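First the proteins, then the strands, lettered A, B, ... as listed; each starts at 1. Just so it is clear, the structure is predicted and the values come from calculations on it, not from any experiment. Side-chain atoms are counted along with the backbone in the values below, which use heavy atoms only and exclude waters and symmetry mates.
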Protein chains: 2
Amino acid sequence: MALPASARVDIERYWATLERSAEIGRGRPGGLSRLALGDADKQMRDEFVGWCREAGLKVRIDGMGNIFARRPGLDDNLPPVVMGSHLDTQVNGGRFDGIAGVLGGLEVCRALDTLGHRTRRPLEVVNWTNEEGSRFSPPMVGSGCFVGAYGLEWARERRDDDGKSIGEELARIGYLGEMEEKPHAFDAYFEFHIEQGYYLDRDGMQVGVVTGGFPSTGMLVEFRGETAHTGPWPMERRKNALIAGARLLVAVDELGWEYAGSGGKATAARLIAWPNKPGILSDWAQTVCDVRHSDPETAQVMAERMRRAVGEAAARAGCSAEILDVWNWGGAIFAPELIDQVRSASLAMGYRTQDILSQAGHDAYFVARHAPTTMIFAPCKGGITHNNEENCDRDDLEPGLNVLLQAVVARADR
Amino acid sequence: MALPASARVDIERYWATLERSAEIGRGRPGGLSRLALGDADKQMRDEFVGWCREAGLKVRIDGMGNIFARRPGLDDNLPPVVMGSHLDTQVNGGRFDGIAGVLGGLEVCRALDTLGHRTRRPLEVVNWTNEEGSRFSPPMVGSGCFVGAYGLEWARERRDDDGKSIGEELARIGYLGEMEEKPHAFDAYFEFHIEQGYYLDRDGMQVGVVTGGFPSTGMLVEFRGETAHTGPWPMERRKNALIAGARLLVAVDELGWEYAGSGGKATAARLIAWPNKPGILSDWAQTVCDVRHSDPETAQVMAERMRRAVGEAAARAGCSAEILDVWNWGGAIFAPELIDQVRSASLAMGYRTQDILSQAGHDAYFVARHAPTTMIFAPCKGGITHNNEENCDRDDLEPGLNVLLQAVVARADR
């Protein structure tokens, strides 16, 4: 029996789960500071797993602490249609971000129970570990590991600033499961997420049909110099790694301004140095920076210029430089048939609908390597995110959730 | 009875104290990491106090943990002639730096015992607390507090990056004494120190007659912005405090290059930010930077340009800025009669002698507000300092120590 076109999620029931989540790991007023694998993340995971079990879902934890909650299908041997995102936040994060998508997947399952509808294919709701990368680098390491982009041992050895590893912290909070030998097949993956940009909100759109992501390149760069006295040491002998790092950050920022007219962005997000103290020049620095542009060729030019800026920054500061890691993400990676399904579902319900590119990185980017994937965006007030002022109301989220319900069921029932 | 012109220090006895010091708070190979008021600093203080007592000196600790060790004079009511410097080091510090001066003062007292000479005025050897400013900001806070440049309560409330205060740490290591109501008068203050520059070494000079310090200005600057996502947030709305800080550091570095031809220096030594994490723009940053030039007017121009760069850096990054603190030091602050005494003593012993300006900050700068003051520089290999490769041999240090002995006694016996 087909799902009625009038089927909808229960926005109040969903909202209650968001409100409960907003109590766990409170940060600045109205925001969350729920870093991956900390005590608050454990509490949220426990709460989420409890809700899943109450909804009759079968919960499995994998070797990276990714949580899969499964709702059986009529033809239960078929690969599942998967929904999800992440429950962790930035240190000054909001209450919605990835949370809206994980709890959205749960709400779809609950809504189907209410409607008495069992899909042909099974459904799964997933919470990916450490999407934000705020505590452990790199971001999206749970989904990346699931699809084989990162090795399990390497990933578990990633450490936070206090030296604690993902593996140790997973064990400590009770979320260290076993990795599948081969990641189980997904029939499709739908990630519902707030836009984290201001276009939908500005244009009064209700649903963003995500056709892909800004082609983006990020880098982790290390500079090495020499300590010396900040006073007598002549400028021409200095090897101040802090200055090398600062010069790269400024060069990257300039790059962003140069391409701002066409919507490009370049970001210097992190600079750490040692000793980084008054009175002494630093002999070590690390920076994290990235460039993003909607046009793939322009994005590539920006990436190449960012890479060249590394050598120039190092040379100007008399230091050596090494690019320790490069990440590429984004592009036209989403599945056309799923994009169409999302667009159709949204238009069929009469929502103001807009195609859009994601500018942020998401777990969906990795999952797209594994299965047909797309995303659904909801507007967020003023586009503010990664900030305690991040805000959505019920009306912002309900249309996208209904699209998630209809698109997922259409896919799972085919 | 006058001190014979042939009187000299015992360089081997002195060297043994330096070698013992080099065992306490070892850092990178050959270097020290003896941060103010840490366990190693306590151990070194205990050792030093023990040596002083063995030499019959009377030890007194003041309210900032400054250690005064007194050798009585024939006319013991006259103000003392004081020698000293500091025993703390940078996190990647050398074995000589201020240590050479504190132990030099002790060696002068020991040499006078051996020579059976008692000066007319009393002598004192002082170890000033937290000269480096590596652990607690500002640097030279012990001498600054002694001369009344800083209030005692304020100074004791200075905290390290772990939140521990100078007052707490002084109490913990047993060096919290009582401040004199009024700092006791000094007849004169002589600070023996390695040059921390490469001029004496390059020119084959044995003794630097320090006529003053590079006029210098340092600043502690705070920037405030807003957190946001590193991806979607448009360049023109960003308020990334990390970029404001990086822009200031680069502007200050450029300033240094501009004046490098005439020996000017400009340094960006420290940049901290919050959250300073991948994925999120920082809403707070602090920087420490300074400018130095031998010419007072040029130094002032550099300082004014550094100050202007703060506003420009903030504006370019969409942030607000506040200069939390400004430090001025250096200039023609040393006493001509003491400078003459040092020069005469050095030439009388046939040492290759050169007038020189200090480029680093020293406790002597503060003490000069309280009493006639000067400094004596010894060459250090290649001018390398604030680095574990900092190095001197006996021949580098012996001439300056003999000058210290002769100049101090000439002053004290007049």
Side-chain angles (χ1 to χ4, degrees), chain A residues 90-92 132-134 137-139 195-198 214 216 218 226-236 240 242-243 245-247 249-250 253 256-257 260 263 265-273 275-283 288 290 292 317 359-361 383-387, chain B residues 90-92 132-134 137-139 195-198 214 216 218 226-236 240 242-243 245-247 249-250 253 256-257 260 263 265-273 275-283 288 290 292 317 359-361 383-387:
Chain A
Q90 288 280 341
V91 66
N92 187 26
E132 292 292 359
S134 178
S137 192
E195 180 197 348
Q196 306 192 291
Y198 65 92
F214 267 42
S216 307
E226 254 175 40
T227 69
H229 197 294
T230 51
W233 207 230
M235 296 303 296
E236 61 274 16
N240 186 355
L242 179 64
I243 280 294
R247 283 191 177 277
L249 297 201
V250 170
D253 192 55
W257 281 103
K265 277 105 193 172
T267 306
R270 179 168 162 92
L271 169 56
I272 53 175
N276 201 23
K277 295 277 190 188
I280 188 164
L281 305 181
S282 288
D283 68 3
V288 174
D290 63 64
R292 313 179 193 219
Q359 303 188 54
I384 294 167
T385 184
H386 286 191
N387 187 298
Chain B
Q90 287 279 341
V91 65
N92 186 28
E132 292 292 359
S134 178
S137 193
E195 181 198 346
Q196 306 191 290
Y198 66 92
F214 269 44
S216 307
E226 253 176 41
T227 69
H229 197 293
T230 52
W233 207 230
M235 297 302 296
E236 61 273 17
N240 186 353
L242 179 65
I243 280 294
R247 284 191 177 276
L249 297 202
V250 171
D253 193 55
W257 281 103
K265 277 106 193 171
T267 306
R270 180 168 161 92
L271 169 56
I272 52 175
N276 200 22
K277 296 276 190 190
I280 187 165
L281 305 181
S282 289
D283 67 4
V288 175
D290 62 64
R292 311 177 194 221
Q359 302 188 54
I384 295 167
T385 185
H386 286 192
N387 187 299

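- In this structure, the separation between OG1 on A:T267 and CG on B:L242 is 10.5 Å, given to the nearest 0.5 Å.
- Looking at A:P278, both its backbone and its side chain come within 4.5 Å of chain B, counting heavy atoms on both sides.
- With a 4.5 angstrom heavy-atom cutoff, A:A273 does not touch chain B via any of its atoms.
- Of the residues considered (A:R292, A:E226, A:E236, A:M235), A:M235 shows the highest number of contacts with chain B, using heavy-atom pairs under 4.5 Å.
- Your options are B:S134, B:A260, B:S216, B:P275, and the one with the most heavy-atom pairs under 4.5 Å with chain A is B:S134.
- Contact of the A:V288 side chain with the B:K277 side chain is not registered, since no non-hydrogen atoms from C-beta on lie closer than 4.5 Å.
- Rounded to the nearest 0.5 Å, atoms CD (B:Q196) and CH2 (A:W233) are 11.5 Å apart.
- Pairing each heavy atom of B:P232 with each of A:G197, the nearest pair is CB-CA, 3.9 Å.
- In this structure, B:A269 and A:S282 approach most closely via the heavy-atom pair O-OG, 4.4 Å.
- Heavy atoms of B:R247 lying under 4.5 Å from chain A belong to its backbone as well as its side chain.
- Contacts with chain A were tallied for B:G361, B:A360, B:G218; B:A360 has the most, counting heavy-atom pairs under 4.5 Å.
- Heavy atoms closer than 4.5 Å to chain A are found in both the backbone and the side chain of B:A268.
- B:P234 touches chain A through backbone and side chain together, each having a heavy atom under 4.5 Å away.
- Between the side chain of B:N387 and the backbone N or O of A:T227 there is at least one donor-acceptor pair closer than 3.5 Å.
- Ring planes of A:H386 and B:H229: parallel class, angle under 30° (limits at 30 and 60°).
- For the options B:V91, B:D253, B:I384, heavy-atom pairs under 4.5 Å to chain A are most numerous at B:D253.
- Contacts between B:A266 and chain A at a heavy-atom distance below 4.5 Å involve the backbone alone (N, CA, C, O).
- Only the side chain of B:Y198 comes within less than 4.5 Å of a heavy atom of chain A; its backbone N, CA, C and O stay farther away.
- At a 4.5 Å heavy-atom cutoff, the contact between A:N276 and chain B is made by backbone and side-chain atoms alike.
- Between B:T230 atom OG1 and A:Q90 atom CD the span is 7.5 Å, to the nearest 0.5 Å.
- Atom CG of B:L249 is separated from atom CG of A:L271 by 8.0 Å, given to the nearest 0.5 angstrom.
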